[in-house]
Amino acid sequence: MFSHRWRFSWDRYSEVDLFTDRYEASAETLSQAIRAAASEEPDADGSVLFGHLQGTVVGLRYYTGVVNQGEMVGLVRQPQNPYDRNAVMVANIYGNQVGHIKRELAAAMAYIMDNNLAKVEGVVHTGTKNKFTMPVMLAFWGKEENRNVVIEHMARRGYKVNTGGSTTAGAHYASYKSQGACALPTKKGSTVPLTAEELKNAFDNLFEDLMESKDGEKEAATSVGTPLLPHQKQALSWMCAQENKSALPPFWEKRGELYYNSLTCFSAKEVPDRVRGGILADDMGLGKTLTTIALILTNFHKGKPLPVEKCEEQSTSLKAKSKSQMTLTKLKGSSSAGHGAEGVAAPCSDLPQVELICADSPDIIGITDKSEKSTSKGKMKAVKRKPSQKGPVLLEDLDFAAALGGSASDTGIKKKKTTKTTSSTMSVDSSIPESADDLSATATLIISPLSVLSNWLEQFEQHVRADVKLKVYLYYGSERNRSKTFLSSQDVVITTYNVLSADSGNKSPLHGINWLRVVLDEGHIIRNPNAQMSKAVLDLKAQRRWILSGTPIQNSVKDLWMLLAFLRLKPFDVREWWNRVIQRPVTQRDRAGLKNLQTLVKCITLRRTKSSEVNGRPVVSLPEKMVCVEQVELSQSEREEYELARNEGRNTIGRYVAEGTVLRNYADVLAILMRLRQHCCHPDLLAKISSDLGAAATPAQLREHLIEKLRLVLASGSDEECSVCLDSIHLPVITHCAHVYCRPCIAQVISTAQETARCPLCRSEIKTNELVEFPQEEMEKENHTNSEKWRTSSKVQALMGNLLRLRCEDSSIKCLVVSQFTRFLTILETPLREHGFSFVRLDGTMSQKRRTQVIQEFQSSAPNSPVIMLLSLKAGGVGLNLTAASHVFLMDPAWNPATEEQCIDRCHRLGQKRKVFVTKFIVKDSVEENMVKIQKQKQDLLEKAFGSTNTDRKASRIDDIKALMEL
DNA sequence: ACCGCCGGGTGCC
DNA sequence: ACCGCCGGGTGCC
């Protein structure tokens, strides 16, 4: 399976060298090759243990790989082996070959391995006791349906797989224990499996409070213009330490001459690769971006700051250049040589030496040095900076090159004395190879989701001192400069996950560069190891690796593998070791496994929440936040209409409750509730629906009705969750029994059903071809409300009263007006216009481009900038920065109070200067009041959801509905 | 002795 | 490898 990727030399002596990686020219180590191959390895999840078999490893004396007592080994087929095409190689965790499986046994195993009938895992209980052979305990894992084939095949060859009798989960657990790695010394009682609840709790808290013993603060380099807050200095100190430290990675310790991993029981003669980097998992708003910028500027090499030039210096030491050439970059002699003639005196004011140029699209700003951009590779040679310091600089350069070569995996650098891209030490033409495939590390690559790309550029501008020229290049858009020489001469290159994955493969410049540092912003988005994007990220070459993420775990242990693999946390970057040492034990609720996972995470993660404290003081001291509920009284006519609808709805739902058919009629129930909520906001929100949603005569009618119901569910504020994934609904479809799910979720339910698939909510029969989607045209039509005559409502009046009062008090106050109903936002536009408010609108239908634009407009402090943002509750999600606003008006209550909190946090976050006022409009004596009452319960329900059964959830839903309708 | 036994050379796949 | 296997030397006890 992996073997085709391995370059074997069958000469005994050179083979040893291969495995010790001493003569490998490329930076790709065997371990990386295994990792690459093994990332395709399926999850251990679906596999069951068939049984064990004692085998023999032979030929130990030919290889350097050592195995300790209890250590796991990898078994790898070698179909190309000239002596035996059934050969099965045995490798230790570090990827060093240990020996081979004895010929006869290998012959039996080869068939099973080649046909993927089972995954064979080895544990050596005895360790390498003798010089020639050793026993190995083999465990066969595979799909249940292959169990007998495997056992019989082995039996026919005279190998009896010991199945241990039972095949229950308990047996799996027990046999895991019996064949597992020699775990850390386990305390008494730790063999009792965790309960689901314990596991879930431990998991939720995995990333909590990861700040102890990470104190110590570090000042940022002077080139960072913004003073760091204490917790940011703490983070900077930790990050620098992570990058510079010589300490061993987690679980490694020195034992005499050897380095020993207490988890895998592996020991090695060489120092294990350090993880230079980690996960910065601070809550959003704590300044991960600023901290990262500080890191880039502060910790370039051996704790020294990134050499950047000041404006003054450049005007004296370099030839004059035109303003456009200066731009934001540190200049090199090359640009001077290439363009000096046309140069104009450099501006030496305190104007930011950053120029934003349009790249591909108008809302994407690129920061670059035009002269660099237009300079061809050939002109990049003569690089002479600070000529007066040439002597000492060269010394430093050697030191630097040596330091770069220090890591065993960065062998590419050792090939030559590399001076070309060390920006502090530009020397001469000859040191720059024309081939440019040996680009060493001085640049930081930042990969970010498109939506926060502009944020990075802004933050660089904002936090890097104006007189410092930092070369930041936005690698985005079709005109992006793909020259490796150019890119690696930058200080910072910013790109998106999509660009990276689009580039990867055929001669990707980003993959050709050995980066000083790679930073994954919102790193949790690469959690699926099979995604192209993830593979592209793993393939990057870098000396230091960082993951920034506010929410490092989304769902399960599995998500973590990608993060560790990216960080190259040995040996878990190889999927097999991860599966065997962490994932499988944890999913089987093994305490030691969980403990190990916790230790692992703790070693590489720094996370603070808003409530964390540094030196006894809160990490962030945000301005005060006042939340008040403003009761709205309906007008008489509104009240009459509301009561009418309420009584009707109550009767209907009461009937469903009595009949026990609430869930069967769930869509109707939601529709009723939604109509009541809409009544509370504005009468025109009510969808004009056919009064009779009863039996449909024709398929077309049925479809029409289903679409109508789907529309109601979707319009109900999006916090309706899919009962399959318990997440908000993605790609909604409605079943014939009128229940709404994510299409992928329900499709999976249907495909995994044995015979007839049944609706998870009401057990009606469902079929894939009967799922109804929302027609696209309808989607668009939804946005055009054709209310010719605009009318007001009590809630609109309440809002306008507040807005007008605020404008009188202080016209600079900005407000967020939030609703779950985008049509309500549309309705609100009319009175806003009428009263001359300048406003913008942000909702889920807008393109990323437009969003960025709107946010920028709103955040601007320009005198004519918008003072109101109409915000759809579900728009944007986390990460939005709307600190320009200090007042939030929540027009209607959400099912989930966390959604409201999240929305409030968009302005009540770091950067907010004013006191924040939140006003929640709640209509008195209405379904809204009841919603507020059950919000707390709803929160508890969400927390319970993980461990609870489907029945529990159904019951709670019915209770919710009863409470809402006062039944 | 067309054996057994002894002891040296040797050894993955 | 403190094995097994091979093949040559040897041969009552």
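Per chain, numbering begins at 1; letters A, B, ... match sequence-line order.
Among residues two or more places apart in sequence or in another chain, the salt bridge (Lys or Arg N to Asp or Glu O under 4.0 Å) test is passed with Arg482(A) by none. Residues satisfying the ring pair (Phe, Tyr, Trp, His ring centres under 6.0 Å) criterion with His511(A), sequence neighbours excluded, are absent altogether.
Atoms CG (Leu60(A)) and C1' (dC12(B)) sit 9 Å apart, rounded to a whole Å. Separating the CZ atom of Phe132(A) from the P atom of dG9(B) is a distance of 15 Å, rounded to the nearest angstrom. The separation between Tyr63(A) atom OH and dC12(B) atom P is 9 Å, rounded to whole Å. At whole-Å resolution of the value, NZ in Lys102(A) and P in dC12(B) are 11 Å apart. For Met134(A) and dC3(C), the CE to C1' distance is 17 Å, given to the nearest whole Å. Going from atom CD of Glu104(A) over to atom C1' of dG4(C) covers 13 Å, rounded to whole Å.
With hydrogens and angles left out, the side chain of Asn81(A) and the base of dC13(B) share a donor-acceptor pair within 3.5 Å.
Listed candidates were dC13(B), dC12(B), dA1(C). Nearest to the side chain of Tyr62(A) is dC12(B).
Counted by atom type alone, Asn68(A) and Glu71(A) present one or more donor-acceptor pairs between their side chains at under 3.5 Å.
Using atom C1' as the reference point in both dC5(B) and dA1(B), the two lie 12 Å apart (nearest Å). dC13(C) and dC2(B) have their C1' atoms separated by 25 Å, given to the nearest Å. Using P as the reference atom, dT10(C) and dC6(C) are 22 Å apart when rounded to the nearest Å.
By the 30° and 60° cut-offs, the orientation of the rings of Tyr111(A) relative to His153(A) is parallel.
If you take CD1 on Ile279(A) and CG on Leu564(A), they are separated by 6.5 Å, rounding to the nearest 0.5 Å.
Using Watson-Crick or G-U wobble geometry with both donor-acceptor distances under 3.5 Å, dC12(C) finds no partner in any strand shown.
OP1 or OP2 of dC12(B) sits under 4.0 Å from a side-chain N or O of Arg61(A).
Among the heavy atoms of the strands, none lies under 4.0 Å from Lys131(A).
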